[in-house]
Amino acid sequence: MKILVIGSGGREHALCWKLHQSPRVTGLYCAPGNAGTEALGRNVPISITDIARLAQFARDEGIGLTVVGPDDALAAGIVDHFQSLGLRIFGPTREGARFESSKSYAKQFMERHGIPTAQFGEFTDSAEAQKYCQRMRYPLVIKADGLALGKGVMIAANPGEAAMAIYRIMEQRQFGAAGDRVVIEEFLQGEECSIHALVDGRSYALFPSAQDHKRALDGDRGLNTGGMGAYTPAPILTPELERQVREQVLDPFVRGLALDGLTFKGLLYPGLMITREGPKVLEFNCRFGDPETQPYMLRLKSDLVDVLEAVIDGRLADFPVEWSNDVSVCVVMASGGYPGDYEKGKVISGVEAAERYGTVFHAGTRWVDGRLVTSGGRVLGVTATGANVRAAREKAYAAVGQIQFEGAQYRQDIAARALRG
Ligand code: AMP
Ligand code: GLY
């Protein structure tokens, strides 16, 4: 079967890497892809939101399955369009993707179905939002309702900062139409944990636990990023907490779909805060996490094509997804300055040497005149497995130590928390 993967990040390289191992795959395509995906198949220079051309390509090329990485392609309705043409595709429809593309939609669903989440208010009028902030306890979290590349969440320490955040989102429209509405919620204290679950509309299959490192600097300091590294399993998700996540988040999610007459097929990735009162949902993502997918793919034993088809065909209840017992750690190497401004075009060396220790997933990379160069904020996801956290970390950082490009920045403490656990 020929497969098309949509996207160009470390997540998509990791998906391609895993798909490439399937004996069922006869051809692999990635739109638009990066230097890593190019080594596994063919990169197709079509933008992720040019849905009509992507579908045309899938038709012309006889693609048997398309796998969507990024949220914006899902929110733009890529799945609906492919389905209307009879093309097989993995991911939720535009309506399903609203759990991620509208925070207020997700909050209302959670409220309706008793899923634990922060208390909130939502506003389309900035004066009303400002008034609400004057009588709340601080810190307070102000969120643009729509997709904002993970940057639409601001934590306000006092009413002045809250007023500024609302002004930036609703008046300056820093995130465009994503700021037509704001969600304002109570600040939750605790440790974050990523949950991934395949959902086929009726049943779900929970992945092993994982933890992302969103802040740019060691010790969870600095600005929020797309993710500077991740590891799996994460000891924070104890068996007792996992039971709570199933009973309080995933069971009611699937029940809620049925009660509301909604369809959701794809990957559900709730971001959780583990608070003293138990897990609370910060947000729902409707796609594979990045970087989490990179360490996950190294642990997935099942054939990924079989897994994705079980979701599409609603057969998850009878399909055991198998994982290795390894620990897997991914350290993201980013361009100097990320998540702020950064330069591109820096020559990258040492990737081959690094691959003696682990698997180097590419994100912002491309080939220029026979040289591998940087082309984005997150450049590489250097990923390794081991029998325990210490072994996996050592290999991942040994691999990182082989790689050079000007300005390279990475965190030294990925998965360090799990060493203590
Ligand atoms: P979100 O996109 O909603 O997950 O928010 C991005 C990040 O902001 C999360 O990963 C958290 O670190 C932080 N965050 C969001 N909502 C809250 C909250 N209610 N309390 C504390 N931190 C939050
Ligand atoms: N790991 C963060 C994200 O995928 O949104």
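Start at 1 and go down the list; that is how both ligands and their atoms are numbered. Everything numeric here is computed off the predicted structure, so don't read it as measured data. Count residues from 1 along the sequence.
Summary of contacts: the protein heavy atom closest to atom 5 (O) of ligand 2 is Arg287 NH2, 2.8 Å. At the shortest separation from atom 9 (C) of ligand 1 among protein heavy atoms lies Glu192 OE1, 3.6 Å. The nearest heavy-atom contact from the protein to atom 23 (C) of ligand 1 is Leu282 CD2, 4.0 Å. For atom 7 (C) of ligand 1, the closest non-hydrogen atom of the protein is Asn224 ND2, 4.0 Å.
In the vicinity of Met273, heavy-atom distances shorter than 4.0 Å reach the ligand 1 atoms 21 (C), 22 (N). Close contacts of ligand 2 with Gly226, meaning ligand atoms under 4.0 Å from a residue heavy atom, involve 1 (N), 2 (C). For ligand 1, the atoms lying closer than 4.0 Å to a non-hydrogen atom of Lys214 are 10 (O). Within ligand 2, counting atoms from 1 as listed, the ones closer than 4.0 Å to a heavy atom of Asp212 are 1 (N), 2 (C).
Each of Val67, Leu304, Leu15 was checked for a side chain to side chain contact (heavy atoms under 4.5 Å, CB included) with Ile3, and the lone residue meeting it is Val67. A side chain to side chain contact (heavy atoms under 4.5 Å, CB included) with Val182 holds for exactly one of Glu122, Met170, Glu128; it is Met170. Each of Thr365, Val382, Val360 was evaluated against Val351; a single residue qualifies, Val360, per the side chain to side chain contact (heavy atoms under 4.5 Å, CB included) test.
For ligand 2, the polar-atom distance check finds an N/O of Glu292 within less than 3.5 Å of one of the ligand's N/O atoms. Close N/O approach between Asn285 and ligand 2 is not found [any backbone or side-chain N/O within under 3.5 Å].
Considering Gln119, Glu283, Gln189, Lys143 only, the shortest heavy-atom separation from atom 15 (C) of ligand 1 involves Lys143. In this comparison of Met154, Glu100, Glu185, Lys103, the heavy atom closest to atom 19 (N) of ligand 1 sits on Glu185. With atom 8 (O) of ligand 1 as the reference point, the heavy atom nearest to it among Val153, Thr117, Leu272, Leu147 is part of Val153.
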Open item on the list: Using salt bridge (charged side-chain N to carboxylate O under 4.0 Å, His left out), reason through Arg417 and Glu191 one step at a time and then give a plain yes or no.
Closed with: CA-CA 11 Å; Arg417 208 177 272 150; Glu191 197 173 322; 3.4 Å; yes

TODO: Show your reasoning for whether salt bridge (charged side-chain N to carboxylate O under 4.0 Å, His left out) applies to Arg98 and Glu95.
DONE: CA-CA 5 Å; Arg98 285 191 73 196; Glu95 181 191 67; over 6 Å; no

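For Gly289, the closest heavy-atom approach to ligand 2 falls below 4.0 Å. The closest approach between any non-hydrogen atom of Tyr269 and ligand 2 is below 4.0 Å.
Both the backbone and the side chain of Leu188 come within 4.0 Å of ligand 1, counting heavy atoms alone.
Ring geometry for Trp17 against Phe361 counts as perpendicular: the plane angle is over 60°, on a 0 to 90° scale with 30° as the lower cut. Aromatic ring orientation, Tyr296 versus Trp323: tilted (interplanar angle from 30° to 60°).
Centroid-to-centroid, the aromatic rings of Tyr397 and Tyr357 stay 6.0 Å apart or farther. Between Phe253 and Tyr204, the ring center distance fails the sub-6.0 Å criterion. Taking the six-membered ring for Trp and the full ring otherwise, the centers of Phe288 and Tyr269 sit at least 6.0 Å from each other.
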